[in-house]
Amino acid sequence: MSGDTATQKILARASGRERVDVGDIVWAKVDAHVMHDNQGPFRMGKDFAELGLPIWNKDRFMLTADHHNPPTGDSQSKVLNVTRAWAAEQELSHFYDAEGICHILMAEKGFVRPGALVTGTDSHTTNTGALGALGVAIGPTESIGVLAKGEVWLRVPETIRVHYTGRVPEGVYGKDMVLRALKDLKVDGAEYKVLEFSGEPLMALPVEDRMTLSNMAAEFSAKSAIMDVDEATAEYLANAGVEEGWEAFSSDADAAYAASYEYDVSDMSPQVACPHRMDNVSPVEEVDSPPLHRAHIGSCTGAKLLDLQAAAAVLKGRRVAHGMQLLIAPASKDIMRKAMDDGTLGAIIDAGGVLLPTTCGVCAGRGPGQLGAGEVCISSANRNYKGRMGSAEASIYLASAATVAASAVKGRVADPREFIS
Amino acid sequence: MSSETQSIEGGAWVFGDNVDTGYIMPSKYASLPDEELAAHAMEGIDPDFPKNVQAGDVIIGGRNFGCGSSRETAPRGIKHAGVGAVIARTFARNFFRNSLCIGLPVLICADAESIAQGDRVRVDPIAGRVENLTKGETLQAEPLPDHIMDMVKAGGLVPYLKLTLT
């Protein structure tokens, strides 16, 4: 018999079993749950009220208003006001209104602990994997069940291992590492499965950048993502106020994987996902783009402090190319405050960057900066299918924040390594 | 599930692999109330779908139907537009769970792609049976675990929770 994966161990713990096998269906206790305005009270409030049950644990539940915030019209205002009224009525202790994007807030505010099972009404709930927690997406109706019972049913999934070796070169980030794997696995490559990211260069990344990989597991159609924890994780958790009360799980050396992929990053170039699919990936030097109209640094995927710092390093003392616009939306207020204090935001704004609210914005197809027909954009976000960021006639390239910044300077998709010495 | 929806019959609408929820229900409609979503169902992949779909019609997907965002507006829009069921070779898990939770029958069927655009199809979600009336073929869907079938029979998660929790 082969050993267990980290995912099996987490689900065994959460379901109160000695061990679980792939394919088992378990009822598992949820350690933390998040809902946002787009998949929250506006869709499920009435049904939840009809059940008349209390929220199972308000200390483990976060509600955010990040998708429609600030609103750009009546329908969004209505969603937000329903969300705020529900938060007040339920006397929530963790409701965050335009403070940041849910996945980043969950990590920053200590809701995510290694070994935990986290649910959320958003596909990028997989983000928790960087902290050793299994994050699984559900919808707003299923969220009613979690809120009422603090439990969710899950089929124990197989795991695909994505292992990195070598040393991360200058100009290469977590985004490049995950896009490289997406090129091979494709957008359905991890259907119903968990992606386990591992290897020395992965663990050499700052914890925030490890999140870029677990976050984008959603783009492989993965059920979740997982990785090991180390001292850097413990330090991140301590900063989030989580000092104890968690147990990390690693896969056994003889654990069975559904598939294994290995990448030596030493000679890896920055990677770019070209229109109109996330797995349409090429090394930056092979991408010959038309002139760009927009560069965007934002979303739960690509607007953490280190993303902004990488962009600022490229932009410092330079200007955004004539005829294009650089938009920047930090992923949380805490990130925005730190980027203000260390000069990062100043460098970006001086280069011509336009600062947007700390919410999902154009990555959710809402808010200012949406693409018009025929426009071409490069973004540090996560999806580039037609219509994701506005018009279905627009084109979106996806890359690291550094590559987005370099492209903003050049006016076309450009290699950040030219700007970093 | 109520008796009127036990047998679903209509025309087939065939879409391919990896149909993203962003095509099923574009983001710009995310803040619309349920009843207004129907007018935009499948708009991102077939702008004429909302005006041509008939009550009881069935959507046929290939692999990974409903990938991408976990937005529940995707199955809600389809359901409100009158679609009786979605049959696909495989589903993305978020779309699959969301559909079952809101009471839209979804059937995993290895031979889904033997159904052609416009074929007349009759679906029994409880028995997991898909009859292609045009071709005279019967397909069997993958059986679902008992606890899911209990929810399907109740018509979705909320009616099921009302039966079991309150």
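Sequence lines set the chain letters: A, B, ... in the order given, protein chains first and strands last, and positions in each chain run from 1.
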Note to self: Can a donor-acceptor pair be found, under 3.5 Å and without considering hydrogens, that links the side chain of B:D119 to the backbone of B:A116?
What the structure shows: yes

Check: Within a strict 4.5 Å, meaning less than it, do heavy atoms of the B:N132 and B:L139 side chains meet?
Finding: no

Notebook entry, point to check: Backbone N or O of B:G11 within a donor-acceptor pair of the B:D57 side chain at under 3.5 Å?
Noted result: yes

Next item on the list: Among the options B:P145, B:C67, B:P33, pick out the one with the most heavy-atom pairs lying under 4.5 Å from chain A.
Entry: B:P33

Notebook entry, point to check: Does any non-hydrogen side-chain atom of B:I59 lie less than 4.5 Å from one of B:F15?
Noted result: yes

Next item on the list: Please round to the nearest 0.5 Å and tell me the distance separating atom CG of B:L144 and atom CD1 of B:I126.
Entry: 10.0 Å

Note to self: If I measure from the heavy atoms of chain B, does A:A392 come under 4.5 Å with its side chain, its backbone, both, or neither?
What the structure shows: neither

Next item on the list: Please state whether the side chain, the backbone, both or neither of A:I25 comes within less than 4.5 Å of a heavy atom of chain B.
Entry: side chain

Checklist line | Separation between CD1 of B:I78 and CZ of B:F49, rounded to the nearest 0.5 Å | finding: 7.0 Å

Margin query: For B:F65 together with B:F95, are the ring centres under 6.0 Å from each other?
Written below: yes

Checklist line | Student check: side-chain heavy atoms of B:M151 and B:L100 closer than 4.5 Å | finding: yes

Note to self: Which atoms of A:L80 are under 4.5 Å from chain B, going by heavy atoms: the side chain, the backbone, both sets, or neither?
What the structure shows: neither

Can you pull out all donor-acceptor pairs below 3.5 Å that join chain B and chain A?
| residue | atom | partner | partner atom | Å |
| --- | --- | --- | --- | --- |
| B:Y23 | OH | A:K386 | N | 3.1 |
| B:S27 | O | A:R366 | NH1 | 3.4 |
| B:K28 | O | A:R366 | NH1 | 3.4 |
| B:A30 | O | A:R43 | NH2 | 2.8 |
| B:S31 | OG | A:S75 | OG | 2.7 |
| B:S31 | OG | A:R366 | NH1 | 3.3 |
| B:S31 | OG | A:R366 | NH2 | 3.2 |
| B:L32 | O | A:R43 | NH1 | 3.0 |
| B:L32 | O | A:R43 | NH2 | 2.7 |
| B:D34 | OD1 | A:R43 | NH1 | 2.9 |
| B:R63 | NH1 | A:D188 | OD2 | 2.8 |
| B:N64 | N | A:E191 | OE2 | 3.3 |
| B:N64 | OD1 | A:S221 | OG | 3.4 |
| B:N64 | ND2 | A:S221 | OG | 2.9 |
| B:S70 | O | A:Q39 | NE2 | 2.9 |
| B:S70 | OG | A:Q39 | NE2 | 3.1 |
| B:S70 | OG | A:S123 | N | 3.2 |
| B:E72 | N | A:Q39 | OE1 | 2.8 |
| B:E72 | OE1 | A:T141 | OG1 | 2.7 |
| B:E72 | OE2 | A:T141 | N | 2.9 |
| B:E72 | OE2 | A:T141 | OG1 | 3.0 |
| B:R76 | NH2 | A:R43 | O | 3.3 |
| B:R76 | NH2 | A:T141 | OG1 | 3.2 |
| B:T90 | OG1 | A:E191 | OE1 | 3.4 |
| B:T90 | OG1 | A:E191 | OE2 | 2.8 |
| B:F91 | O | A:Y192 | OH | 2.8 |
| B:R93 | NH1 | A:A137 | O | 3.1 |
| B:R93 | NH2 | A:A137 | O | 3.2 |
| B:R97 | NE | A:E142 | OE1 | 2.9 |
| B:R97 | NE | A:E142 | OE2 | 3.4 |
| B:R97 | NH1 | A:W153 | O | 3.1 |
| B:R97 | NH2 | A:E142 | OE2 | 2.7 |
| B:R97 | NH2 | A:W153 | O | 2.6 |
| B:N98 | OD1 | A:G139 | N | 3.2 |
| B:K162 | NZ | A:E50 | OE1 | 2.5 |

Checklist line | Which atoms of B:L157 approach chain A - backbone, side chain, both or neither, heavy atom under 4.5 Å | finding: side chain

Next item on the list: With rounding to the nearest 0.5 Å, note down the distance linking CG in A:L134 to CG in A:L11.
Entry: 5.5 Å

Item checked: Part of A:V187 within contact of chain B (heavy atom distance under 4.5 Å) -> both

Check: For the atom pair CD1 (A:I144) and CD1 (A:I55), what is the distance rounded to the nearest 0.5 Å?
Finding: 11.5 Å

Note to self: At a heavy-atom distance under 4.5 Å, which candidate from B:G22, B:A92, B:A30 has the highest pair count against chain A?
What the structure shows: B:A30

Next item on the list: Could you have a look at A:A137, A:A218, A:G139, A:G365 and say which one has the most heavy-atom pairs with chain B under 4.5 angstrom?
Entry: A:A137

